[in-house]
Amino acid sequence: MERTTRIPPFLQKAAITVILGCAAYLTTTVTGQPEIWRLTISIFIGGASLIVQFMTDFDRRLGVVETSLTSHSEDMKKLVDGGFSRINEATRLFGLVEGSALRTDAVTQLVRNATEIGVGGPDIMYDFAQAEISRLAQLMKDLHGGQAAYDGEDHDWLLTLTRSAGVSIDATSTAMDTDFWPTELGRRYLRAQREAIKRGVRVRRLFIVAHPELLQDERIKAVCRSHEDLGVEVRVAAMCTLPPAAMLDPVFDFIVFDGGVSYEVSPALGSEHTPRPVVAKTTLDVRESLVTDRVHRFNDLWEAGQ
């Protein structure tokens with residue numbers, strides 16, 4: 001491939017200047033001008049052409065610089081606006097955290113720990129962390145709406161609410177809970193109740209059985225004694241002894257924490273392999289009207305117990 005030789009811009013300007021100067025000199029020679037005028041005019045025209053070339057080149061370069069500065073200014077403006085927008089958003093969010101009832105240090109610790117998850121780990125670690133953050137965000141949104149639900153039997157809400165209670169825990173237990181207490185979750189729940197009682201929380205539990213004969217069942221008596229040994233106030237009631245008004249509400253398995261949160265479980269019919277009823281859904285409700293209704297309902301059921 002033939003290589004093209006590019007003449008430097010300065011040499012181009014010098015060549016044009018010389019050519020125009022010579023042309024002026026020849027023109028003045030043809031017209032019979034004196035030697036001094038031929039030299040003066042040729043030098044003037046050559047110098048003027050050089051100045052015009054430099055001014056033209058300067059104007060072109062100045063235009064390029066202005067265009068570059070305009071583009072750079074727009075990019076900087078976008079960058080600054082984006083930075084201020086993120087700062088404003090972060091400031092707004094931090095202001096919301098400061099103004100909320102939640103502890104600021106706990107929220108900021110969550111954000112800090114989330115950002116400190118190291119790079120280079122397996123993808124599943126990030127997917128798991130993202131899923132947990134999304135789940136927590138959804139829980140906060142549901143609680144703001146007044147109700148949160150969990151499919152199946154919950155293992156975290158129950159223990160966290162028990163550890164967070166500061167005044168009272170009023171709970172009912174049905175036949176669905178008979179085999180619950182020997183489980184690992186049941187034992188952890190009892191330990192959490194014992195710690196709650198030590199810090200002054202009043203814990204009441206009403207066991208509801210299907211028939212009056214079960215009031216003398218040794219298993220139920222043993223469960224009641226184990227609760228009483230922890231300091232739990234225990235009563236037992238048969239379904240047939242409950243007031244008629246209490247039978248209108250199908251919910252019999254719920255816990256009210258500090259008179260402000262209702263924790264409820266919905267049973268599902270067991271299969272032939274699991275004849276015992278299992279938990280189909282767990283619900284947290286913080287709506288004042290429903291929680292107040294649950295408080296009144298528990299008090300009515302408690303009065304019917306023995």
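Here, residue 1 is the first one in the sequence, and each next residue gets the next number. As the structure is a prediction and not an experimental result, all values here were calculated from the model.
Here the side chains of Q147 and T283 are in contact, with some heavy-atom distance below 4.5 Å. Proximity of R235 to W302: side-chain heavy atoms (C-beta onward) are separated by under 4.5 Å at one or more points. Side-chain contact between L301 and T172 is present, with heavy atoms from C-beta onward closer than 4.5 Å. At least one side-chain heavy atom of W157 sits less than 4.5 Å from a side-chain heavy atom of L139. Q216 is listed as a side-chain neighbour of K221, based on a closest heavy-atom distance under 4.5 Å. A 4.5 Å side-chain heavy-atom check between V256 and V261 finds every atom pair outside the cut-off. Side-chain contact between Y263 and D154: present, with at least one pair of heavy atoms (C-beta onward) separated by less than 4.5 Å. For the pair L230 and L190, the minimum side-chain heavy-atom distance is below 4.5 Å.
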ask   = Going through the checks in order, is the side chain to side chain contact (heavy atoms under 4.5 Å, CB included) test met by M239 and I208?
value = CA-CA 7 Å; M239 292 287 287; I208 301 176; 3.3 Å; yes
query = Checking side chain to side chain contact (heavy atoms under 4.5 Å, CB included) for the pair L290/E264: CA distance, chi angles, key distance, verdict?
reply = CA-CA 12 Å; L290 186 137; E264 304 175 9; 3.6 Å; yes
query = F257 and L158: side chain to side chain contact (heavy atoms under 4.5 Å, CB included), yes or no, with the steps?
reply = CA-CA 10 Å; F257 293 90; L158 181 63; 4.2 Å; yes
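Side-chain contact of N299 with R294: a donor-acceptor pair under 3.5 Å is absent, judged by distance alone.
With a 6.0 Å cutoff to the six-membered ring centre and a 45° limit on the axis angle, R187 does not count as a cation-pi contact of W181.
One distance of note links CD1 of I255 with OG of S168; it measures 12.0 Å at 0.5 Å rounding. Between the CG atom in D123 and the CD atom in Q130 there is a gap of 13.0 Å [rounded to 0.5 Å]. Here the CG-CZ distance, from D293 to R287, works out to 11.0 Å after rounding to the nearest 0.5 Å. Note: Q306 CD to L206 CG = 10.5 Å, rounded to the nearest 0.5 Å.
Shown here for A238 and H211, the closest heavy-atom pair between the two residues is CB-C, 4.0 Å. Residue V295 comes nearest to G259 through the heavy atom pair CG2-CA, 4.2 Å, listed as atom of the first residue, atom of the second, then distance. Listed here is the closest heavy atom pair of V234 and C224: CG1-SG, 3.7 Å. Contact record, A148 with L143: CB-CD2, 4.2 Å, taken as the closest heavy-atom pair. Closest non-hydrogen pair, G305 versus A237, comes out as CA-CB, 3.8 Å.
Salt-bridge check for D170 with R204: passed, with a basic side-chain N closer than 4.0 Å to an acidic carboxylate O.
D258 places no side-chain N or O within donor-acceptor distance of the main-chain N or O of A165, the cut-off being under 3.5 Å. Under the 3.5 Å distance criterion, the side-chain polar atoms of T162 are left unmatched by any main-chain donor or acceptor of Y189. No side-chain donor-acceptor contact under 3.5 Å links D285 to the backbone of S262. D151 contributes no side-chain N or O that, together with a main-chain N or O of K281, makes up a donor-acceptor pair within less than 3.5 Å. Using modelled atom types, one side-chain atom of S164 and one backbone atom of T160 make a donor-acceptor pair closer than 3.5 Å.
Residues V167 and V203 fall into different hydrophobic clusters, defined by Ile, Leu, Val, Met, Phe, Trp and Tyr side chains chained together at heavy-atom separations under 4.5 Å.
Environment of CD in E184: crowded, with over 12 heavy atoms of neighbouring residues, nucleotides or ligands closer than 6.0 Å.
Among R188, R205, R163, K198, the one residue that satisfies the side chain to side chain contact (heavy atoms under 4.5 Å, CB included) test with Q193 is R205.
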